Amino acid sequence: MSKRFYLTTAIAYPNGRPHMGHAYEAIASDAVARFKRLDGYDVRFLTGTDEHGLKIAQAARAVGVEPRAYVDGTVQPFIELDRQLGISFDRFIRTTDDDHKALCQALWQRMADKGDLYLDRYEGWYSVRDEAYYDESELVAAEDAQGLPVKLSPQGTPVEWTVEESWFFKLSAYAEPLLKLYADQPDFIQPSSRFNEMRAFVDGGLKDLSMSRTSFDWGVPVPGSTGHVMYVWVDALANYLTGAGGSDGEWWPADLHIIGKDVVRFHAIYWPAFLMSANLPLPKIVFGHGFVLNRGVKMSKSDGNVVDPAEMATRFGVDRLRWFLLREVAFGEDGSYSDEAIIERTNADLANGIGNLAQRALSMVAKNLGGAMPGPGPSAGADLLAESMQTLTEAYFAAMNGLQLHRALEAVMAMVNAANGYFADNAPWKLAKTDVAAMSHVLHATLDATRRIVLMVQPVMPEASQRLLDLLGVTADARTFRELDVIVSIGLQLPEPQGVFPRWAEPA
RNA sequence: GGCAGCGUAGCUCAGUUGGUGAGAGCGCCGGAUUCAUAACCCGGAGGUCGGCAGUUCAAAUCUGCCCGCUGCUACCA
């Protein structure tokens, strides 16, 4: 029985082009997926798009096409971005997929069978122009032509108190079970700051949830209830089940849902409540990551600071971008990016750090040993280096398993520093003139440390890692974490060394 | 308004249950070196640990108040 790991990203809403937030979430999730695969897990990695809902319908109507045709077009840039970024998803799910529709209806039926769904009236402030309900708190006060106070939607459109028939879910009945879940499983919601917020929210009592709409039809039809389509979040959250192979799918429950901090409530409250209602197992962990901001400022089209992640990846390179986002931003916290920050960070870590370490040792092997991989032997500080590598490797695994991605990379950089220090202390370039055997021992130890470092960096920089491992003589079948202690064959002819991480020089 | 959290070197941040002289990375300065991608290695510069007042033999670490910031939530309307 092999170890299994099922993780998901949130599904993106394709009513525009993908932005940096999508890239960030995809990259972080991909790093986790790749880490688990290298660690011997059988991994299922799901990502995709959330294609139903009013906004999509409106956007489609605005350009005069059917919703399905509209999303068939807008989904493409999301898939292309994932491909460009090297996202190793096993399935790109679209909520318009046939199996998903069937799954949603089956899930709905299970909740109905449980007696948790009932028909009632939904009342609220409705904007005809927006075709949307707004919460009281979202309304803004204004004055009409006569100077009388009126309420407007956040978009400034008129709203009126409206009553509509709707299916409701007995969310209120799940406050206690949810609190028990939180108490029993404190790491269900991460980071912990989000956990506290959700517990406080549930602690304050839960209202039943409107689960269907009759004002538009771009959604999954409610079984046996003509005119009703499911509330988009039912449809959206259920994608995780569809991607698992269905309600009884072999991959359910999910081990990890990676989502943005803005949708934590849906995943930490509604979703487990739905699943409890349907008598299905709950996901293990919901992780709400932060936002990456352009120079610390939220992107907006009006400010003209919207950055196209595809363009960014093309300019800097996928691996450089991936490294920056996962190393610089504390996973779970908000972060900031800029050209300067990306260049500085990657020059320091990749060019000066990992790349230079590999290059300085490899070039000595090429020049002094004819490119033949040297074998181990005694050298000053070798034990200390080995000890550091061991300790830091443990720190790396602990951090990765704890979703502290930035901490894991911090540990990796500490390994680079340790290896560079060891190398400098032993000055193999001097030994080359006095004691070639001693020199080769130093080169072996350095290259082996580099090999370990690159193995651990694979989840973050899959492409560059492969090239580096090629240069280090690590065969394709010796690149998982099980081979962490397997040294390269002594005497193996290494390829001509070449820089993998060139230093970024800003064009004048 | 309530709840929670934050405010530590130029920048990003670590700092278990209060106790050796307050730390890391980046940036900066100096030294050393030349294998390497002007990279690496060593050393240094030093910040009232947001402010004030307390508790204590002793507080960045506890208490109260104040200032600033963030998240969640509520309400006035």
Side-chain angles (χ1 to χ4, degrees), chain A residues 125 135-143 149-152 189 191-207 260-265 268-269 288 290-291 293 295-296 298 324 327-330 332-338 340-369 374 381 395 399 404 406-407 409-414 416-433 436 439-440 442-443 446-447 450 464 468 471 497-505:
Chain A
W125 294 101
D135 191 78
E136 184 87 44
S137 63
E138 294 180 278
L139 302 182
V140 294
E143 294 183 348
V150 295
K151 298 176 198 305
L152 298 178
I189 307 166
S192 58
S193 55
R194 301 293 156 202
F195 173 83
N196 293 331
E197 288 173 4
M198 290 306 109
R199 189 175 51 190
F201 184 85
V202 175
D203 221 14
L206 295 173
K207 292 181 203 161
K261 65 179 184 179
D262 54 331
V263 291
V264 169
R265 185 198 294 182
I269 297 176
F291 296 147
L293 311 175
R295 294 181 183 282
K298 190 154 187 168
F324 172 81
R327 159 84 158 126
E328 182 91 353
V329 181
E333 307 282 310
D334 285 351
S336 176
Y337 65 89
S338 65
E340 296 75 44
I342 293 173
I343 292 166
E344 189 175 300
R345 180 92 260 168
T346 57
N347 271 350
D349 291 349
L350 304 182
N352 301 349
I354 299 171
N356 186 50
L357 174 65
Q359 187 68 9
R360 67 195 307 196
L362 286 172
S363 77
M364 283 203 70
V365 170
K367 289 177 186 171
N368 297 286
L369 300 174
Q404 296 276 84
H406 59 297
R407 294 260 183 247
L409 299 188
E410 198 173 285
V412 167
M413 287 314 298
V416 174
N417 292 338
N420 264 323
Y422 163 82
F423 192 85
D425 287 347
N426 282 285
W429 55 91
K430 285 181 182 168
L431 294 174
K433 299 165 189 163
V436 173
M439 174 205 73
S440 70
V442 173
L443 295 181
T446 303
L447 287 175
T450 307
L468 256 176
L471 293 174
Q498 46 187 288
V500 170
F501 296 118
R503 185 178 177 78
W504 182 280

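Order of the sequence lines sets the chain letters (A, B, ...), proteins ahead of strands, with each chain counted from 1. Treat the numbers as computed from the prediction; the structure is a model and nothing was measured.
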- Shortest non-hydrogen contact between A:R327 and A:E410, atoms and distance: NH1-CA, 3.8 Å
- Secondary-structure notation, RNA chain B, from Watson-Crick and G-U pairs under 3.5 angstrom (| other strand): (((((((..((((.....[...)))).((((.........)))).....(((((..]....))))))))))))....
Please state the [atom1] separation for the pair [N] and [M] - nearest whole angstrom.
N     : M     : atom1 : answer
B:C65 : B:G71 : C1'   : 24 Å
B:G27 : B:G21 : C1'   : 26 Å
B:U55 : B:U16 : C1'   : 22 Å
B:C69 : B:G51 : C1'   : 15 Å
B:C66 : B:A74 : C1'   : 25 Å
B:G7  : B:G50 : C1'   : 6 Å
B:G47 : B:G23 : C1'   : 11 Å
B:C76 : B:C67 : P     : 26 Å

- Message: Between A:D203 (side chain only) and A:R199 (backbone N and O only), is there a donor and an acceptor less than 3.5 Å apart?
- Response: no
- Please confirm whether the backbone N or O of A:F291 pairs with a side-chain atom of A:D334, one donor and one acceptor, at under 3.5 Å? yes
Find the distance [X]:[atom1] to [N]:[atom2] and express it as a whole number of Å.
X      : N     : atom1 : atom2 : result
A:N420 : B:G25 : CG    : P     : 14 Å
A:D349 : B:C26 : CG    : C1'   : 9 Å
A:M413 : B:C26 : CE    : P     : 8 Å
A:F324 : B:G25 : CZ    : P     : 19 Å
A:N368 : B:A36 : CG    : P     : 10 Å
A:D334 : B:C13 : CG    : C1'   : 15 Å
A:N417 : B:C26 : CG    : C1'   : 12 Å
A:K430 : B:A36 : NZ    : P     : 15 Å

Please tell me which of the listed nucleotides, [options], lies nearest to the side chain of [X]?
X      : options             : result
A:R345 : B:G25, B:A14, B:A36 : B:G25
A:W429 : B:C41, B:U37, B:U34 : B:U34
A:N356 : B:G27, B:C35, B:C40 : B:C40

To the closest 0.5 Å, what do you measure between [atom1] ([X]) and [atom2] ([Y])?
X      : Y      : atom1 : atom2 : value
A:D349 : A:N352 : CG    : CG    : 9.0 Å
A:I354 : A:M413 : CD1   : CE    : 5.5 Å
A:K261 : A:S193 : NZ    : OG    : 9.0 Å

N/O to N/O distances under 3.5 Å, protein versus nucleotides 68-72 of chain B:
{"from": "B:G71", "atom 1": "O2'", "to": "A:R194", "atom 2": "NH1", "distance (Å)": "3.0"}
{"from": "B:G71", "atom 1": "O2'", "to": "A:E197", "atom 2": "OE1", "distance (Å)": "3.2"}
{"from": "B:G71", "atom 1": "O2'", "to": "A:E197", "atom 2": "OE2", "distance (Å)": "2.4"}
{"from": "B:C72", "atom 1": "O4'", "to": "A:E197", "atom 2": "OE1", "distance (Å)": "3.4"}

- Message: Looking at B:A39, I'd like to know if its phosphate oxygens (OP1 or OP2) sit under 4.0 Å from a side-chain N or O belonging to A:R503.
- Response: yes
- Message: So A:Q359, base contact, sugar-phosphate only, or nothing? Heavy-atom distance under 4.0 Å.
- Response: base
- Query: Hey, does A:S363 reach any base, or is it just sugar-phosphate, or nothing, if we go heavy atoms under 4.0 Å?
  - Reply: sugar-phosphate
- Item | Partner of A:L362 under side-chain contact (heavy atoms from CB on, under 4.5 Å), chosen from A:L357, A:L447, A:T446 | A:L447
Indicate yes or no: at least one non-hydrogen side-chain atom of [X] is less than 4.5 angstrom from one of [Y].
X      : Y      : result
A:N356 : A:F501 : no
A:E197 : A:I189 : no
A:N368 : A:V436 : no

- The residue, A:A348 or A:P502, whose nearest nucleotide of RNA chain B is more 5′ is A:A348
- Item | Residues which pass salt bridge (Lys or Arg N to Asp or Glu O under 4.0 Å) with A:R503, listed by chain and number, not counting sequence neighbours | none
